[in-house]
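The structure under discussion appears below in the form of structure tokens.
All of these numbers come straight from a predicted model, not from anything done at the bench. Letters A, B, ... are given to chains in the order of the sequence lines, protein chains preceding strands, and every chain is numbered from 1.
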There are 2 protein chains.
Amino acid sequence: MTETAVGSSAVGNAAQSKSEQAYAAVKARIVEGTYTPGYRLVLAKIAEDLGFSVVPVREAIRRLEAEGLVKFERNVGATVSGIDPTEYLYTMQTLSIVEGAATALSAPLIDSVAIARARAVNQEMRECLEHFDPVRFTALNQDFHSVLFEHCPNPHILDLVHRGWNRLASLRSSTFRFVPGRAQESVREHEALLQLIENAADADTIEKAARQHRAATLDAYLAQAKQ
Amino acid sequence: MTETAVGSSAVGNAAQSKSEQAYAAVKARIVEGTYTPGYRLVLAKIAEDLGFSVVPVREAIRRLEAEGLVKFERNVGATVSGIDPTEYLYTMQTLSIVEGAATALSAPLIDSVAIARARAVNQEMRECLEHFDPVRFTALNQDFHSVLFEHCPNPHILDLVHRGWNRLASLRSSTFRFVPGRAQESVREHEALLQLIENAADADTIEKAARQHRAATLDAYLAQAKQ
DNA sequence: AAGTACGAAATCGTATACGATAACTATGGC
DNA sequence: GCCATAGTTATCGTATACGATTTCGTACTT
């Protein structure tokens with residue numbers, strides 16, 4: 001349940017069109033890592049696997065292309081798009097901005113129950129650090145932020161956050177693995193963020209903290225990459 | 001030239017696929033106002049107009065749907081999506097955030113030539129106010145901001161800005177017409193923004209000013225709508 | 001042996017065809 | 001006269017088919 005793509009229009013699946021199904025199916029495979037970056041997405045093959053024809057599959061792939069999850073080349077085909085360092089920077093920078101805004105907008109709407117829930121998740125993350133469970137850590141990290149954003153009053157902004165997450169999904173938990181100490185820091189920042197929200201800090205402070213939380217991960221990655 | 005949709009991948013049209021052409025054609029018609037909100041986009045009709053078949057047209061429409069320019073209903077069809085007050089709020093709020101970030105990121109890269117160009121555009125906007133030419137005013141407004149963002153180092157953020165603009169395009173110049181005095185104020189804010197950039201103000205200050213510039217337009221609209 | 005040219009295979013791009021669904025219209029019952 | 005219902009039409013959704021383009025392998029030339 002923690003392994004699904006995030007942010008797909010989560011309505012009931014009443015009478016989904018095949019293109020929707022294909023979209024969801026391929027997206028899920030990319031996000032959960034079945035299709036790794038560079039994987040070649042052949043329309044005919046996917047169509048056969050799903051039992052559909054190529055037209056809806058093509059539509060699904062183009063949609064995923066628009067979200068940046070696959071790279072599509074005319075008359076050549078689609079591949080799952082990896083994220084090179086530059087793309088990673090762009091994505092993280094954008095995320096830092098939209099997450100900052102999302103957090104600031106959500107903060108006044110987060111009740112004590114949600115705070116407690118987030119805190120519990122964060123506690124579990126701490127435990128993951130001790131047992132060294134990066135996969136679960138990353139999933140919990142998503143849960144943590146989901147609680148924060150759950151009530152974001154602006155769906156457009158929330159959508160941008162989700163897109164960024166999915167974009168990063170294929171290299172999930174990379175920073176946890178590759179940047180020593182960052183995860184510990186991240187957990188501390190989470191707690192600090194919760195306290196700011198609890199104390200009803202002004203929007204600007206919360207925005208900056210949330211933005212910094214993401215930016216710090218990026219910086220840690222960049223510093224490491226430079227070595 | 002000022003009337004075209006903004007931000008479409010502006011590479012040479014070498015061997016564009018029909019779905020690309022259809023996308024561009026329909027998008028242009030929406031942005032320039034040929035297809036007004038509520039206009040019913042019948043696949044077969046558009047296909048015939050363009051001389052294509054329905055499949056690429058369908059793909060184009062779905063793509064426009066993803067950008068929020070059209071509303072698509074299963075087994076019913078597509079209509080050009082108007083923006084109701086709520087949508088307008090969401091869009092403007094999102095724009096204020098991404099434009100703020102885009103401006104702050106671009107500021108250090110804007111040279112004196114670009115500043116002069118922007119200032120000239122802003123001067124012309126002033127003249128439009130005297131002659132009461134809202135259409136040209138809006139076009140110039142786009143030009144002004146284009147100069148500012150031209151060198152935004154993060155293409156993802158720039159893309160988000162463009163999307164917001166296209167989203168607003170169908171009700172372009174509305175605030176100029178409907179909110180008295182706002183346009184004058186806007187021109188003044190432009191000049192203030194230019195001075196901040198010239199003086200190499202810190203990123204935070206610039207971001208806040210740019211964000212406020214957009215937020216003020218939204219507020220003016222909301223205040224007016226409430227009456 | 002390396003490079004080039006040609007041909008075959010794979011794959012995409014789109015037209016056409018037909019089935020499915022929803023909107024519309026006309027008819028009959030109350 | 002108004003509402004419910006059946007039939008018709010419009011439109012979408014997708015399968016299939018085929019042409020277009022690229023890629024890959026092979027044979028030929030130097």
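- In this pair, B/H162 and B/W165 present their aromatic rings tilted. The plane angle is within the 30 to 60° band.
- Atom NZ of B/K18 is separated from atom P of D/dT21 by 11 Å (rounded to the nearest Å).
- One atom, CG of A/N75, and another, P of C/dG13, lie 5 Å apart when rounded to the nearest Å.
- For B/E73 and D/dT11, the CD to P distance is 15 Å, given to the nearest whole Å.
- In summary, A/R63 and A/E59 do not engage in a salt bridge, as defined by a charged side-chain N under 4.0 Å from a carboxylate O.
- Contact of the B/L69 side chain with the B/V80 side chain is not registered, since no non-hydrogen atoms from C-beta on lie closer than 4.5 Å.
- In this structure, the CG atom of B/L41 is 14 Å from the C1' atom of D/dC12, given to the nearest Å.
- B/S53 has no side-chain polar atom (N or O) that falls below the 4.0 Å cut-off from OP1 or OP2 of C/dT14.
- In this structure, B/R40 atom CZ and C/dA23 atom P are separated by 9 Å, rounded to whole Å.
- If you check every strand for non-hydrogen atoms under 4.0 Å, B/V76 touches sugar and phosphate atoms only.
- Nucleotide C/dG13 holds its C1' atom 15 Å from the CD atom of A/E59, rounded to whole Å.
- In this structure, A/R63 atom CZ and D/dG13 atom P are separated by 12 Å, rounded to whole Å.
- In this pair, B/H145 and B/H190 present their aromatic rings perpendicular. The plane angle is above 60°, beyond the 30 to 60° band.
- Phosphate contact (OP1/OP2 of D/dT11, side-chain N/O of B/K45, threshold under 4.0 Å): absent.
- Following rounding to the nearest Å, A/F72 (CZ) and C/dC12 (P) show an atom-to-atom distance of 7 Å.
- Residue contacts shown for A/I61 are absent, as no nucleic acid heavy atom lies under 4.0 Å away.
- In this structure, the nucleotide among D/dG13, D/dT16, C/dG13 sitting nearest to the side chain of B/R74 is D/dG13.
- Here the side chain of A/S81 pairs a donor or acceptor atom with the backbone of A/G68 at under 3.5 angstrom.
- When heavy atoms are screened at a 4.0 angstrom cut-off, B/V42 is found touching the sugar-phosphate backbone but no base atom.
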